[in-house]
Protein chains: 2
Amino acid sequence: MLDRIGDKWSVLVVSTLGGEPLRYSDLHASIPGISQRMLTVTLKALERDGLLTRTAYPEVPPRVEYELTDLGRSLLDAVMALAGWAATHHEAVATSRRDHEASGVGRAKAR
Amino acid sequence: MLDRIGDKWSVLVVSTLGGEPLRYSDLHASIPGISQRMLTVTLKALERDGLLTRTAYPEVPPRVEYELTDLGRSLLDAVMALAGWAATHHEAVATSRRDHEASGVGRAKAR
DNA sequence: CGGGATCCGGGGCGATACTG
DNA sequence: CAGTATCGCCCCGGATCCCG
């Protein structure tokens, strides 16, 4: 379970979708670095898990909208908390990380 | 950043460590399914990021204790929210997943 | 007891090409 | 526009051995 919601892309999709429904291409544009494949795979998985709904409009050109379900929205809260933490403390983490590098973690490299 | 704190094992280690310090073997026993390697790797990463401290006691047999830092404890809140969500809704997710299976997602399998 | 080093297999994931 | 199918690489992560 944790590895599902802990999944990087799922988190990003859910948080991006927070609020209004979005189309496939919007999602693709809004999530930097995601590939078509991973977006599709992630969306399918999230739909299967009941976190979002997929709605296809039989128009031309085709339009498909993805929207969070209530379940998905409840997850959003928890995810936002995590994202908030990341935003708040990522500096402290980066600093600590540099300290450890300087401490000799890569000592062999110093040759 | 998200893929770091969203990491499955990190989440589990942090939540397990919530509260009292634990020894390596305690952690290994408390986290079902984690391998030695991943435990070590995860602990190192978390230490590097300043989320926990590693304390080795020069005894025999050796004893090493891991403890959350203040930073780690602040993360704990967000992590617990996520874990709580997972515990609360994993049933709904499992149900939805089964629905989709029954819907013909694996239609070829039904032969 | 608490790890580090290495080997290695499976799969996560990206890139590309094609379809409706 | 919204995907699907295929290929291939890389790296995650488990197993094993060994050391302090």
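Treat the numbers as computed from the prediction; the structure is a model and nothing was measured.
Residues of residues 36-43 of chain B that place a heavy atom closer than 4.0 Å to DNA chain C, in numerical order, are B:Q36, B:R37, B:T40.
Following rounding to the nearest Å, A:Y66 (OH) and D:dG3 (C1') show an atom-to-atom distance of 8 Å. Put simply, CG on A:D26 is 12 Å from C1' on D:dA2, counting in whole angstrom units. Between the P atom of C:dG3 and the NE2 atom of B:H28 lies a distance of 12 Å, rounded to the nearest Å. Atom pair A:E65:CD and D:dC1:C1' shows a separation of 13 Å (rounding to whole Å applied). The distance from atom CG of A:L12 to atom C1' of C:dC13 is 15 Å, rounded to the nearest whole Å. Rounding to whole angstrom units, CH2 of residue A:W9 and P of C:dG11 are separated by 21 Å. In this structure, CG of B:D7 is placed 16 Å from P of D:dC11, rounded to the nearest angstrom. As rounded to whole Å, 10 Å separates atom P of C:dG4 from atom CD of B:E47.
For A:H90, the NE2 atom is loosely surrounded, since the number of other residues' heavy atoms within 6.0 Å does not exceed 12. Surrounding CD of A:E20 are more than 12 heavy atoms belonging to other residues, nucleotides or ligands, all under 6.0 Å away.
Separating the OG1 atom in B:T55 from the CZ atom in B:R63 is a distance of 11.5 Å, to the nearest 0.5 Å. Distance CG/A:L22 to CD/A:E67: 9.5 Å, rounded to 0.5 Å.
Side-chain contact between B:W9 and B:I31: present, with at least one pair of heavy atoms (C-beta onward) separated by less than 4.5 Å.
Within the 4.0 angstrom heavy-atom criterion, no nucleotide atom of any strand lies near B:Y57.
A donor-acceptor pair is defined here as one N or O able to donate and one able to accept, closer than 3.5 Å; such a pair exists between the side chain of A:T95 and the backbone of A:E91. Between the side chain of A:R73 and the main chain of A:L68, a donor-acceptor pair closer than 3.5 Å is present.
When each of A:P61 and A:K44 is assigned the nucleotide of DNA chain D with its nearest heavy atom, A:P61 is the one assigned upstream, toward the 5' end.
Side-chain nitrogen and oxygen atoms of B:S25 include at least one within less than 4.0 Å of the OP1 or OP2 phosphate oxygen of C:dG2. At the phosphate of D:dA2, OP1 or OP2 sits under 4.0 Å from a side-chain N or O atom of A:R23.
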